Undergrad: 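Here it is, the structure, as structure tokens.
Residue numbers start at 1 and run along the sequence shown. Atoms considered below: every heavy atom in the structure, side chains included; atoms not considered: hydrogens, waters and symmetry mates. This one's a predicted model, so the numbers in the text were calculated from it and none came from an experiment.
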Amino acid sequence: MSMTSAAIRQAFLDFFASKDHSIVPSSSLIPGNDATLLFTNAGMVQFKDVFLGQDQRSYSRAVSAQRCVRAGGKHNDLENVGYTARHHTFFEMLGNFSFGDYFKQDAIRYAWEFLTEVVKLPKEKLLVTVYATDDEAYNLWLNDIGVPAERIIRIGDNKGAPYASDNFWAMGDTGPCGPCTEIFYDHGEHIWGGPPGSAEEDGDRFIEIWNIVFMQFNRLASGEMLSLPKPSVDTGMGLERIAAILQHVHSNYETDTFVALIKAAAEATGASDLNDKSLRVVADHIRSCAFLIVDGVMPSNEGRGYVLRRIIRRAVRHGNKLGANGAFFYKLVSALVAQMGEAYPELAAKQAIIEKALKLEEEQFGKTLERGLQILDEELAALTGSEIPGELVFKLYDTYGFPVDLTNDVARERNLTIDQAGFDEAMAQQRKRAQQASNFGMDYNQQLTSTQQTKFIGYTEHYGNAEVVEILKQGQSVQEIAAGETALLILDNSPFYAESGGQVGDTGTLTLADGTVFNVHDTLKVAKAFAHQGQANGAIKVGSKVQAEIDVKRRDAIRKNHSATHLLHAALRQVLGEHVTQKGSLVGPERLRFDFSHFEAVKHNELQLIEQLVNEQIQLNSPLQTRLMQIEAAKAAGAMALFGEKYDDEVRVLSMGEFSIELCGGTHVDRTGDIGLFKIVSEGGIASGVRRIEAVSATGAVSYVQQLENQAAQAASLLKGDMFSLTERVQQTLDRSKSLEKEIEQLKAKLASFAGASLTDNALQLGEVKVLVQQLEQADAKALRSVLDELKNKLGSAVILLATINDGKVSLIAGVSADLTAKVHAGQLVAWAANQLGGKGGGRPDMAQAGGTDAAALPAVLTAAVDYIKERM
């Protein structure tokens with residue numbers, strides 16, 4: 001049978017809903033509160049904590065169609081995309097899950113029923129694999145389902161280590177894992193390839209379409225396998241793969257979704273050959289780029305934003321290869337919305353934002369290419385030999401985003417080669433640094449964890465009586481700590497707010513009946529427990545009773561800044577547009593910091609309007625209201641969910657009149673008027689497409705205004721005026737300064753001209769050519785240029801190298817008349833000299849500048865420069 005991709009997706013969800021599975025929407029491509037993954041790369045990611053037993057849901061069976069990206073980190077398919085039939089940066093994973101409910105028998109039955117009865121794949125076209133020692137799964141396939149023994153393949157540990165098998169799945173090097181069984185589709189004898197486990201298994205005849213993972217164990221770093229308390233099921237079937245089979249095509253790129261996107265890409269680029277692999281790249285990349293932007297990622301130079309930038313630039317490069325003129329990539333968003341907008345309405349809702357972000361990045365990349373070519377030209381001018389160093393190729397790629405293949409193109413045009421081995425080594429070093437700096441891939445069993453659950457009473461109480469239910473010291477649970485030891489105390493209930501949602505943790509004291517005091521320096525969340533970090537002046541045991549009391553003054557300052565942050569967020573969206581989403585925040589007692597998505601610097605008048613709107617809401621003195629609601633109902637009511645946060649089914653909705661409605665578990669003021677005053681301190685960019693505002697409120701805002709006033713008064717006094725004439729006085733001073741600077745420049749130019757006129761007598765005569773190598777006193781780099789121009793006019797056919805020292809640094813300039821550039825290259829001359837002076841530089845054949853730091857070496861270098869020139873003459 002033939003089905004559209006949309007129909008297959010819906011049929012899968014409907015089938016498992018009929019088997020009492022809760023349909024769970026796709027989670028964000030940014031894993032919520034998960035530092036171990038760059039992107040959501042499988043359907044089970046949003047259920048990871050459920051499998052670990054650290055989270056409970058209202059359902060024990062679930063089904064989802066999860067959007068996934070594999071283009072960075074451990075799972076990276078980027079370089080293969082477009083050149084194989086089934087690699088993608090973005091794909092949809094259809095999955096059904098059991099959390100301690102059904103296990104192997106039902107998981108296998110459901111998969112077989114869907115494939116053979118719902119979408120009606122021929123049974124004889126299917127074969128299965130099982131883990132070599134999983135006799136239970138083998139017997140279920142053989143006896144329960146009736147698959148012939150010759151079509152059931154056992155796959156053992158064929159990768160040199162225990163449990164290192166294609167049929168043993170693990171979340172990572174540690175954590176939940178277990179055997180799996182996979183279902184393969186046989187495309188037929190006319191396609192090359194052998195069954196799984198054979199020497200020809202990498203061929204395209206037998207294609208995996210469904211993977212059922214039986215979560216049975218938790219693997220420790222030591223390699224020990226511990227049985228999970230509730231064995232679970234995690235399955236996955238790639239929508240693109242099953243669509244190719246049901247639509248009777250061999251490549252995913254021939255399915256309905258991709259056919260439409262490839263056609264749109266051809267129209268946007270002017271390409272005529274619909275089989276061009278570059279069209280596949282563009283069609284694939286528009287999906288990952290659009291959905292990443294929908295989920296709050298913006299192009300930048302680090303982390304997820306850097307991966308997005310790479311994907312966009314790869315698409316643009318392939319578009320250029322297809323013949324695209326000008327920006328084209330953003331034009332494909334409408335075609336994507338037409339294909340996937342019904343299943344993912346957020347695509348249509350944010351279409352304009354996606355298009356704007358892609359267009360800006362594409363235009364910026366055009367400038368980057370231009371800058372990269374300029375740098376490449378300068379470097380090649382100073383190049384000796386016919387090979388471009390790998391470090392230079394890497395610098396262009398890493399710093400300027402200049403594609404390696406484009407560097408290769410330029411090299412071929414100039415009869416040069418690139419040092420591929422050197423580039424590969426630089427890339428390897430970068431990956432090593434990134435791995436060392438990154439915490440993606442943490443040991444799950446090394447993370448702080450606790451089975452305790454703390455009841456938070458801090459919304460209404462500042463102190464309360466509690467019991468120590470667990471003590472963590474150096475990550476380990478202990479029964480007692482001695483005086484002076486640093487530890488984390490977990491209480492059964494607490495008024496202390498644990499750091500989350502951008503709000504810092506509370507500080508304060510825990511006091512025992514015997515007078516022992518535990519000073520709390522910070523409060524952290526450990527699963528569902530609140531951990532109070534600090535030290536005590538006496539011994540504390542598990543079971544100790546304490547009186548917990550927060551630093552109320554500090555908490556009040558934090559509350560005011562947190563409520564002000566919500567008002568700021570709402571004001572930003574009102575002034576700048578609804579594309580503004582939170583990209584991070586930090587709410588402390590002294591000030592607040594808010595990062596948000598926006599394409600350009602916020603203008604001064606916009607900042608004033610934002611500040612005005614916030615203060616208007618403060619003056620309205622509206623009461624803050626909190627409601628507990630189901631997550632979907634809260635979103636339907638207009639509540640904003642914050643970027644990167646993971647929410648429970650029931651959420652806390654905070655409202656400040658109609659102006660601001662957000663999901664938030666933090667602490668806040670009772671009325672907006674309690675904030676007192678709001679003042680923006682700074683605004684600036686922290687990454688491409690991400691801006692940061694820092695602000696203060698309440699007494700902090702008053703103190704900031706007073707500091708500004710004091711600074712203005714001091715400045716006015718120095719300028720012999722008052723604060724109200726300060727601007728006028730500053731302008732007068734600037735005008736006077738510019739006038740004096742102009743006079744100084746004119747005097748320098750006269751001195752340089754005089755020096756230049758006297759230098760012509762110092763030129764060496766080499767046949768018909770004059771060579772002048774000279775150090776000038778009291779001349780800056782700008783004056784050197786003037787002297788060089790004058791000397792070239794006077795000397796005619798000449799090679800000139802001038803130098804000067806200012807503040808211990810050497811400036812060099814070289815000039816070569818047009819008739820001599822074939823013999824002496826000005827760029828190579830200054831590069832040679834600068835290299836010996838601890839610097840670098842280069843430029844055109846007729847004129848070039850450079851600098852150095854070793855001023856003491858200058859006389860010897862200038863002497864050697866004469867010989868350098870003579871050799872080439």
Undergrad: Can you sort out the partners of A855 under side chain to side chain contact (heavy atoms under 4.5 Å, CB included), two or more places apart, ordered by chain and number?
TA: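 Testing A855 for side chain to side chain contact (heavy atoms under 4.5 Å, CB included), a comparison that skips the adjacent residues, returns I805, V810.
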
Undergrad: Under 4.5 Å between any side-chain heavy atoms of L764 and V769, yes or no?
TA: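 SC-SC contact between L764 and V769 ruled out.
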
Undergrad: Cation-pi check for Y868 against R872: NZ or CZ below 6.0 Å from the six-membered ring centre and within 45 degrees of the axis, yes or no?
TA: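 Yes, R872 and Y868 form such a contact.
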
Undergrad: Check the pair K395, E391 against salt bridge (charged side-chain N to carboxylate O under 4.0 Å, His left out), reporting the backbone distance first and the verdict last.
TA: CA-CA 6 Å; K395 173 187 171 184; E391 288 186 3; over 6 Å; no

Undergrad: Taking atom CD as the centre, does Q765 end up with more than 12 heavy-atom neighbours from other residues, nucleotides or ligands that are less than 6.0 angstrom away?
TA: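 Atom CD in Q765 is packed in, count exceeds 12.
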
Undergrad: Can you list the residues that meet the side chain to side chain contact (heavy atoms under 4.5 Å, CB included) rule with D595, with sequence neighbours excluded?
TA: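 With sequence neighbours excluded, D595 shows a side chain to side chain contact (heavy atoms under 4.5 Å, CB included) to K583, R593, I686, V690, R692, given in chain and number order.
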
Undergrad: Between S786 and D789, do the side chains contain a donor N or O and an acceptor N or O under 3.5 Å apart?
TA: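 There is no such pair between these side chains.
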
Undergrad: Taking R313 first and then E362, would you say they form a salt bridge - that is, a charged N and a carboxylate O separated by under 4.0 Å?
TA: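 Here R313 does not pair with E362 in a salt bridge, since their nearest N and O are not under 4.0 Å apart.
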
Undergrad: We want to know whether S811 and T804 form a side-chain donor-acceptor pair, criterion being a heavy-atom distance below 3.5 angstrom.
TA: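 On atom types as modelled, these side chains do not qualify, holding no pair under 3.5 Å.
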
Undergrad: Counting N and O atoms only, with roles assigned by atom type, does the side chain of E611 sit under 3.5 Å from a partner on the main chain of I680, one being a donor and the other an acceptor?
TA: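 The answer is yes, because a donor-acceptor pair under 3.5 Å joins these two groups.
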
Undergrad: Heavy-atom distance under 4.5 Å between the side chains of R309 and F365, does that happen here?
TA: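 SC-SC contact between R309 and F365 ruled out.
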
Undergrad: If a pair satisfies ring pair (Phe, Tyr, Trp, His ring centres under 6.0 Å) and one of its residues is in residues 835-858, list it, with sequence neighbours excluded.
TA: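 Matches after skipping sequence neighbours: none remain.
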
Undergrad: Does any donor atom in the side chain of Q731 or D735 lie under 3.5 Å from an acceptor atom in the other side chain?
TA: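 Looking only at side-chain atoms, D735 and Q731 do form a donor-acceptor pair, the distance falling under 3.5 Å.
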
Undergrad: Between R304 (side chain only) and L38 (backbone N and O only), is there a donor and an acceptor less than 3.5 Å apart?
TA: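 A pair under 3.5 Å: yes.
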
Undergrad: Can you list everything that forms a ring pair (Phe, Tyr, Trp, His ring centres under 6.0 Å) with Y330? Sequence neighbours excluded, please.
TA: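 Expected list: none.
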
Undergrad: Distance alone, cut at 3.5 Å: any donor-acceptor contact between the side chains of Q707 and Q711?
TA: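 Distance-only check fails for Q707 and Q711.
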
Undergrad: Short question: side chain of D295, backbone of L29 - any donor-acceptor pair under 3.5 Å?
TA: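 Yes, D295 side chain to L29 backbone: donor-acceptor pair under 3.5 Å.
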
Undergrad: For N325, look at atom CG and say whether over 12 heavy atoms of other residues, nucleotides or ligands are found less than 6.0 Å away.
TA: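 No - once you tally the heavy atoms of other residues, nucleotides and ligands closer than 6.0 Å, there are 12 at most.
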
Undergrad: Distance-only criterion, 3.5 Å: show the donor-acceptor pairs between side-chain atoms of residues 818-828 and protein atoms not counting sequence neighbours.
TA:
residue	atom	partner	partner atom	Å
D819	OD1	S817	OG	2.6
D819	OD2	S797	OG	2.7
T821	OG1	A818	O	3.3
H825	ND1	G827	N	3.0
H825	ND1	Q828	N	3.2
Q828	NE2	A381	O	3.3

Undergrad: Applying salt bridge (Lys or Arg N to Asp or Glu O under 4.0 Å), name anything that partners D846, two or more places apart in sequence or on another chain.
TA: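 By the salt bridge (Lys or Arg N to Asp or Glu O under 4.0 Å) rule, D846 matches R844.
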
Undergrad: Is there a salt bridge (charged side-chain N to carboxylate O under 4.0 Å, His left out) between R691 and E600 once you walk through the steps?
TA: CA-CA 8 Å; R691 310 295 299 177; E600 57 191 354; over 6 Å; no

Undergrad: Flag the pair I693 / S682 as yes when at least one side-chain heavy-atom distance between them is below 4.5 Å, and no otherwise.
TA: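 They are not in side-chain contact.
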
